[in-house]
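Because the structure is a prediction, the values reported are computed rather than measured. Remember, it's 1-based here, ligands and their atoms both numbered in the order they're listed.
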Amino acid sequence: MRTRQTDWLAIIQAEHIQQIEHIEKALNASVILAKLNADGTFAQVNDFFCEISKYSSSELIGAPYTLLRSGFHPSNFFTKIRQTLNQGELWAGDICHRAKDGTLYWTKTTFVPILKDHLLKHIMTVQTDITDMKNIDMLKQIAYYDDLTGLANFRKFKMDFSALQHASKPIPHVCSLMLFSLKDYKLTMKRFGLSNAQTFLQEVAKRLREISEKFDYTVFKLEEEQFLIFLPHTHQSNEYEHIIHEIYRSFRQPILIQGHYFKAEPIIGIIHFPEHAQTFDLLLDRLALTSSYAEKQSDRKVAIYHAQMEEEHKYFLLLESALRRALERDDLELHYQPKIDLYHHQVEGVEALSRWYDSTFKQVPPNVFIPLAERRGFINDLGEWSLRVAAERAKFWNANLDRNLIVAVNISPTHFIQPNFLDQLFQVLEKTKVNPKHLQLEITEDVVMEKSVEMHTTLKTITDMGISLAIDDFGTGYSSFGMLNTFPIDSLKIDRSFVTNIQNDAKKAAILEVMIKLDHALKLDVVIEGIENEEELAILQPFAPKFAQGYYFCKPLPANEFERFIQKK
Ligand code: G
Ligand code: MN
C-alpha cells in the first residue's frame with residue numbers, strides 16, 4: 001500500500017530502506033556479523049560468522065558468545081568488554097576465538113551497544129578475519145623474543161645491528177657491547193632444579209631491564225644466563241663504567257627463591273665497535289673471549305677487550321691440553337707439607353698439595369692450573385687423581401712409617417658439589433683400601449655454609465665413613481661461628497692472610513687469639529697456616545695454638561723427602 005503513495009516522505013523512506021538493505025547486503029557479503037541479546041547470547045548470525053566459527057546458525061542462536069572463548073585472553077577479558085558495553089560505549093580490539101573444530105582464529109572485532117531508554121538491548125558485532133596477520137605476529141614474537149624473559153633474542157640483535165650498520169654507511173656506527181653472565185650459574189642451578197633456574201633468570205632479566213631504563217641501552221637474552229647489552233652510543237663517554245657500577249650494585253642483593261638465597265656474581269666482557277673488531281662474527285668471538293677473560297679476574301670480574309687477550313688465549317689452550325695430557329700420563333705430583341703439633345713437637349698430619357712441572361711451561365702454580373681445570377670442566381678428573389694418590393700414600397705411610405698420620409686433601413668447591421663426588425670417594429676407598437681415619441678432606445667454608453639439607457647429608461655421609469673434615473682458608477668466606485656447631489667439622493685451618501704481616505697489625509693478632517680459643521669452645525682442631533718465620537710464631541705463642549703449618553716448619557716436600565723429614569723428627 002505504502003509504495004503506491006507518492007508523497008515525499010514515502011519516497012525518502014523507501015530510499016532509506018533500500019539503502020539500509022544495500023548496506024546490509026554489502027556487510028553480509030564481506031564481514032562477519034552477529035547480533036547478540038543483552039545477556040550475551042546470539043540472536044542472529046550471518047553466513048560468514050557460521051563459516052569462520054564452524055558452527056551452524058541453529059547451534060549458535062541462543063548460545064552464549066563465550067562458546068567461542070579460546071582461553072588465549074585473561075579470564076576477565078570478556079567481563080571488561082561487558083562493562084564497556086553496559087556503559088553504552090563501543091568496544092574494539094583483536095579477539096582470539098576457538099572454532100567448533102578446536103582451531104583458533106583471530107578477528108578484528110567491534111562490539112556496538114544498541115541502547116533503548118539507556119538500557120542495553122542488543123549488541124551488534126562486526127568482525128574481520130586477521131588470523132594470518134596474527135600468526136605472522138606470533139611467529140615474529142617466537143622468532144625474535146625470548147619466551148622466558150620477554151627480552152629480544154640474539155636473532156633480533158643480529159637484525160638490529162645489521163640494520164644500524166647499513167643505515168650509517170660508509171662510516172660504521174660506533175657502539176659498544178657488553179656480555180653479561182654469572183659466575184657458577186650452571187653448577188648452582190644444576191642443584192636447584194630447572195624451575196628455580198627459570199625464576200632466577202626472570203629476576204636477572206628484570207634487574208638488567210630496570211638498569212636499562214636508566215641508561216639508554218637494550219638487553220638481549222642469549223643462551224642460559226648470558227645477556228647481551230647493546231650500548232648504541234659512542235663509548236667515549238665511558239658510560240659503560242656507570243652501567244657496570246649499577247649492575248654490581250643491583251646484584252649485590254641476593255636473589256631469594258623458595259627460601260634459598262642465590263648469590264649472583266656478574267661477569268662482564270666489553271668490546272667496542274668498530275675499534276676492536278670490524279665484522280659481526282669477529283666482534284662476537286672477541287666478546288666471548290673477553291668474557292672468559294673477565295671470569296678469570298679475582299676481584300671485579302670485568303674486562304675490556306685488548307689484543308693481548310688473543311695471545312693469552314692461545315697460551316691457555318696449549319696449557320689446557322698439556323694439563324690433560326699430564327693427568328692421563330700421571331705426570332702430576334703431590335707434595336706434602338707437615339702439620340705440626342706444637343704441644344708435643346711432632347708431626348701430627350700432612351697436607352697433600354698438587355704440583356705440576358711441564359717441560360714447556362715449567363713449574364705451573366696450582367692457583368693457575370686448578371682454576372683452569374674448573375673452568376674447562378675436568379676438575380673431577382684432577383680431583384679424583386689427587387684423592388687417589390693421597391689415599392695410596394696414607395695407606396702406605398701408615399703401614400710403613402710406624403706412626404699414625406692423617407693425610408689431608410684439598411677439594412675444590414667445584415669438584416665437591418659434583419653429583420658424583422661421593423661415588424668417587426667410595427671408589428677411592430675401595431680401590432686403595434685406605435683406612436678412612438687416615439684421610440681428611442679440606443673444603444672451603446662457603447661450601448659448608450650453604451644451608452641445604454643435601455649439603456648437610458653429604459658432609460654427614462663423609463664423616464660417617466670415618467673421614468674427617470677440615471675447613472680450609474677459614475676467615476676469608478662467609479661462615480658464621482654459630483653455624484660451625486651444627487656441622488660435623490673436625491678442624492679449622494685459619495687462612496694464612498691472618499698471619500701475614502702480623503708484626504705490624506695488632507688487629508690480626510687479636511682475631512687469631514679469638515680463633516685459637518675456638519679450639520676449646522667448639523672442640524675443633526684449629527690450625528694456624530702460613531707461619532713463615534720465628535717472629536710470627538713468637539707473636540702467636542701467648543695464645544698457645546696447638547697446631548700450625550708453614551714454611552717456617554717445613555715447605556711442601558716430595559713424598560720421599562717428606563719421609564726423610566719425618567724420620568728425623
Ligand atoms: O688453600 P691452602 O691452605 O690449601 O693453600 C695451600 C698453599 O699454601 C700451598 O700451595 C702451599 O704451598 C702454600 N703454603 C703453605 N705454607 C705456606 C707459607 O708458610 N707461606 C706461603 N706464602 N704459602 C704457604
Ligand atoms: Mn689446604
Side-chain angles (χ1 to χ4, degrees), residues 298 323 332-342 347-357 362-374 379 382-383 385-387 389-391 393-394 405-416 439-449 462 467-479 489-505 508 512 515 524-541 545 547-559 561-562 565:
S298 54
L323 179 58
L332 295 168
E333 230 188 309
L334 284 186
H335 282 193
Y336 301 89
Q337 187 179 37
K339 177 175 129 188
I340 311 290
D341 178 340
L342 295 171
V347 176
E348 207 265 344
V350 60
E351 176 175 356
L353 297 152
S354 38
R355 294 288 182 260
W356 177 32
Y357 181 86
K362 309 298 171 206
Q363 196 74 46
V364 186
N367 61 9
V368 171
F369 70 81
I370 291 170
L372 177 68
E374 287 176 341
I379 189 66
L382 186 60
W385 172 85
S386 56
L387 259 176
V389 175
R393 270 294 140 199
L405 203 62
I406 296 176
V407 179
V409 193
N410 291 286
I411 307 290
S412 137
T414 322
H415 182 206
F416 189 78
L439 213 52
Q440 184 171 70
L441 304 187
E442 292 192 9
I443 51 186
T444 58
E445 47 190 321
D446 294 354
V447 168
V448 183
M449 289 303 151
I462 293 170
I467 297 174
S468 56
L469 288 173
I471 298 188
D472 206 2
D473 307 334
F474 185 77
T476 56
Y478 300 87
S479 37
I489 301 297
D490 306 277
S491 173
L492 285 186
K493 302 189 77 171
I494 311 300
D495 190 70
R496 68 165 178 273
S497 59
F498 290 97
V499 174
T500 310
N501 197 30
I502 194 167
Q503 299 92 320
N504 305 310
D505 194 337
K508 281 187 179 174
L512 278 173
M515 289 194 189
L524 290 165
D525 286 352
V526 174
V527 184
I528 310 296
E529 286 198 289
I531 298 181
E532 292 185 357
N533 52 53
E534 210 170 343
E535 213 183 336
E536 289 168 352
L537 182 63
I539 294 173
L540 294 171
Q541 223 40 289
F547 299 108
Q549 224 178 293
Y551 292 170
Y552 172 67
F553 308 103
C554 184
K555 287 202 167 186
L557 301 170
E561 283 180 41
F562 174 76
F565 175 86

Colleague: Which heavy atom of I370 sits nearest a heavy atom of S354, and at what distance?
Modeller: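 Closest heavy-atom pair between I370 and S354: CD1-OG, 3.8 Å.
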Colleague: Distance under 4.0 Å to a non-hydrogen atom of N410: what atoms of ligand 1 satisfy this?
Modeller: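 Every atom of ligand 1 under 4.0 Å from some heavy atom of N410: 4 (O).
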Colleague: Heavy-atom contacts under 4.0 Å between R496 and ligand 1: side chain, backbone, both, or neither?
Modeller: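 The answer is the side chain of R496.
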Colleague: Quick one: which ligand 1 atoms are inside 4.0 Å of a heavy atom on Q337?
Modeller: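 Reading through ligand 1 atom by atom, the close ones are 15 (C), 16 (N).
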Colleague: If you consider just the N/O/S atoms, which atom of E442 is the closest one to the Mn ion (ligand 2)?
Modeller: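 Looking only at N, O and S atoms of E442, the one nearest the Mn ion (ligand 2) is named OE1.
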Colleague: Counting from 1, what ligand 1 atoms have a heavy atom of D473 closer than 4.0 Å?
Modeller: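 Answer for ligand 1: 1 (O), 2 (P), 3 (O).
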Colleague: Going by heavy-atom distance to atom 12 (O) of ligand 1, choose the closest among R355, H335, Q549.
Modeller: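 Nearest option to atom 12 (O) of ligand 1, by heavy atoms: R355.
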Colleague: Side chain, backbone, both or neither: which part of D472 comes within less than 4.0 Å of ligand 1 when only heavy atoms are counted?
Modeller: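 Side chain only.
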Colleague: Suppose you place the vertex at the Mn ion (ligand 2); what is the angle out to N410 OD1 and D472 OD2, to 10°?
Modeller: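 N410 OD1 and D472 OD2 form an angle of 80° at the Mn ion (ligand 2).
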Colleague: Can you confirm, on distance only, whether ligand 1 has an N/O atom lying under 3.5 Å from any N/O atom belonging to Y552?
Modeller: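 By distance alone, the answer is no.
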Colleague: Heavy atom under 4.0 Å from ligand 1: found in K555's side chain, backbone, both, or neither?
Modeller: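 Near ligand 1, K555 shows nothing, with every heavy atom at 4.0 Å or more.
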Colleague: Give a yes or no on whether a salt bridge exists between K339 and E348, defined as a side-chain N under 4.0 angstrom from a carboxylate O.
Modeller: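 Here K339 pairs with E348 in a salt bridge, since their nearest N and O are under 4.0 Å apart.
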Colleague: For G530, take its heavy atoms, then give the atoms of ligand 1 lying under 4.0 Å from any of them.
Modeller: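 Within the 4.0 Å cut-off of G530, ligand 1 contributes 18 (C), 19 (O).
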